[in-house]
Number of protein chains: 2
Amino acid sequence: MSVDLEAIVSDTQDGKKQELRLWLRVLSTSKLISQEIRRRLRREFDATLPQFDILSQLYREKDGLRLGELSRRAMVTNGNVTGLVERLEQDGYVARERLDDDRRVTVAMLTDKGRRTFAAMAEAHEQWLRDMLADVDPIVVSGLLTHMGQVKQSVRNHLSGEGDD
Amino acid sequence: MSVDLEAIVSDTQDGKKQELRLWLRVLSTSKLISQEIRRRLRREFDATLPQFDILSQLYREKDGLRLGELSRRAMVTNGNVTGLVERLEQDGYVARERLDDDRRVTVAMLTDKGRRTFAAMAEAHEQWLRDMLADVDPIVVSGLLTHMGQVKQSVRNHLSGEGDD
DNA sequence: GCCAGTCGCTTGAAACATGAAGTATCTCCG
DNA sequence: CGGAGATACTTCATGTTTCAAGCGACTGGC
């Protein structure tokens, strides 16, 4: 007898709902990790995750970023970035400056304090991730990296909105 | 929470940073999908994603859920579930009732309107997911489901907080 | 029964998030 | 030039989210 191809296919479970199941698993895992990182950022650095995000974007752009570009990279809305940068400015991590070329544009960049602080955060952050994923085989991690990339690309190809990345 | 943190560690393949890279990819993908679902839920049903989440939890519990259990399952804080259920109650999707056994306890359950509405939402939602993941090989989806499960378990094993699931 | 502790939920303050409307500022066509 | 339109950011209304504090209701040891 030949291998039952049907069985192989249905072996991948209920077929139709696999995508939904995957999404729910990705979502819950993502929430779990986010919550943990949030908790640790708060406890050890008194910072929030969105703030960490903004800082990380600015960290590798010595010349700073326009707010629009910043909001695009951090995947938050323009309206949102205003308040985030405002708070980071008040805490002395970020400086805002208007362009003379184009008075509409504001550029945000890290202060020295911001740079020093983020460096420490980033190191801890990376270690946290190694800890949390310690029980996952590196081969599996590698595979996930690749396959999640495929997922991301597929999603991008099917967005209803106009803008891409 | 963000995404283009990915570029920070784009330097090498098999470094120690694979876990970090995986996290950033999971996070950005999750955010991308969330935003898309949010957009569609808003456009087609005038609902929010957290609301959809709450409704989905209640949908398969005919007898309703205590708010504490609801908040645990939906992975939101107790304080959060109060407001969410409140708004859903105002819109007529959910009914709240106090237990006579234990006057501290409130049970939330779907109304008929809530049940009907969610059924339509869920069907659309499932289709959206199939669309978005259409370019991913079903075998890959299956593998991801398994491996993301391993990730989730590893994370659970390394939480700093006390509570488990 | 008493009352200290716990439990279940609500409230409050602050931050984050979105979409939409508003305000300057720039651009470019006529 | 001049003004319509586009652009960059801010503001606003609403909703989500967290943590911490509050409040009423239960529980168990005495």
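Naming: A, B, ... by sequence-line order, numbering from 1 per chain.
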Contact under 4.0 Å: Thr77(A) side-chain N or O vs dA17(C) OP1/OP2 = no

Calculate the interatomic distance between Arg40(B) atom CZ and dT18(C) atom P; express it in whole Å.
-> 17 Å

Are side-chain N/O atoms of Arg38(B) and Gln35(B) paired as donor and acceptor at under 3.5 Å?
-> no

Quick one: Ile37(B) CD1 to dA17(C) P, roughly how many Å, whole number?
-> 18 Å

Identify the pairs formed between an N or O of the protein and an N or O of nucleotides 10-14 of chain C at a distance under 3.5 Å, and give each distance.
from    : atom 1 : to       : atom 2 : distance (Å)
dT10(C) : OP1    : Arg96(B) : NH1    : 3.0
dT10(C) : OP2    : Thr82(B) : OG1    : 2.8

Report the distance from atom CD of Glu36(A) to atom P of dC19(D), rounded to the nearest whole Å.
-> 11 Å

Look at Lys31(A) together with Asp53(B) and state whether they make a salt bridge at an N to O cut-off of under 4.0 Å.
-> yes

Side chain His147(A), main chain Gly143(A), donor-acceptor under 3.5 Å = yes

Round to a whole Å and report the spacing from CZ of Arg43(B) to P of dA20(C).
-> 11 Å

Residue closer to the 5' end of DNA chain C, Leu84(A) versus Asp101(A) (nearest nucleotide) | Leu84(A)

Identify each atom pair where a protein N or O and an N or O of nucleotides 2-6 of chain D are less than 3.5 Å apart, giving names and distance.
none

Applying ring pair (Phe, Tyr, Trp, His ring centres under 6.0 Å), name anything that partners Phe45(A), two or more places apart in sequence or on another chain.
-> none

Name the closest nucleotide to the Arg66(A) side chain, picking from dG8(C), dC9(D), dT25(C).
-> dC9(D)

Taken in chain and number order and not counting sequence neighbours, the residues that satisfy side-chain hydrogen bond (donor to acceptor under 3.5 Å, both in side chains) with Arg40(B) are Glu36(B)

Would you say the side-chain atoms of Arg25(A) pair up with the backbone N or O of Leu145(B), donor to acceptor, closer than 3.5 Å?
-> yes

Which donor-acceptor pairs under 3.5 Å do the side chains of residues 75-84 of chain A make with protein atoms, sequence neighbours left out?
from     : atom 1 : to       : atom 2 : distance (Å)
Thr77(A) : OG1    : Asn80(A) : N      : 3.4
Asn78(A) : OD1    : Ser71(A) : OG     : 2.7
Thr82(A) : OG1    : Asn78(A) : O      : 3.4

Taking atom P of dC9(D) as reference, at what distance in whole Å does atom CD of Glu97(A) sit?
-> 13 Å

Between Arg42(A) and Val107(A), which has a closest nucleotide on DNA chain D that is more 5'?
-> Val107(A)

Between atom CG in Leu49(A) and atom P in dA17(C), what is the gap in whole Å?
-> 8 Å

If you round to the nearest 0.5 Å, how far is CD of Gln153(A) from OG1 of Thr29(B)?
-> 10.0 Å

By nearest nucleotide on DNA chain C, pick out whichever of Arg103(A) and Thr48(A) is the more 5' one.
-> Thr48(A)

Look at the side chain of Lys152(B) and the backbone N and O of Leu32(A), then say whether any donor-acceptor pair between them is shorter than 3.5 Å.
-> no

Whole-Å distance between dG15(D) P and Phe45(B) CZ?
-> 19 Å

To the nearest 0.5 Å, what is the distance between CG (Leu20(A)) and CD (Gln127(B))?
-> 11.0 Å

Rounded off to whole Å, could you give me the CZ-to-C1' distance for the Arg39(B) and dA17(C) pair?
-> 14 Å

Enclosure of Glu97(A) CD (heavy-atom neighbours >12, cutoff 6.0 Å) = no

Please work out which residues in residues 51-65 of chain B have a non-hydrogen atom less than 4.0 Å from an atom of DNA chain C and list them by number.
-> none

Under a 4.5 Å side-chain heavy-atom rule over Ile, Leu, Val, Met, Phe, Trp and Tyr, are Met121(A) and Tyr59(A) clustered together?
-> yes

Closest-nucleotide 5' rank along DNA chain D - winner of Lys31(A) and Asp102(A) = Asp102(A)

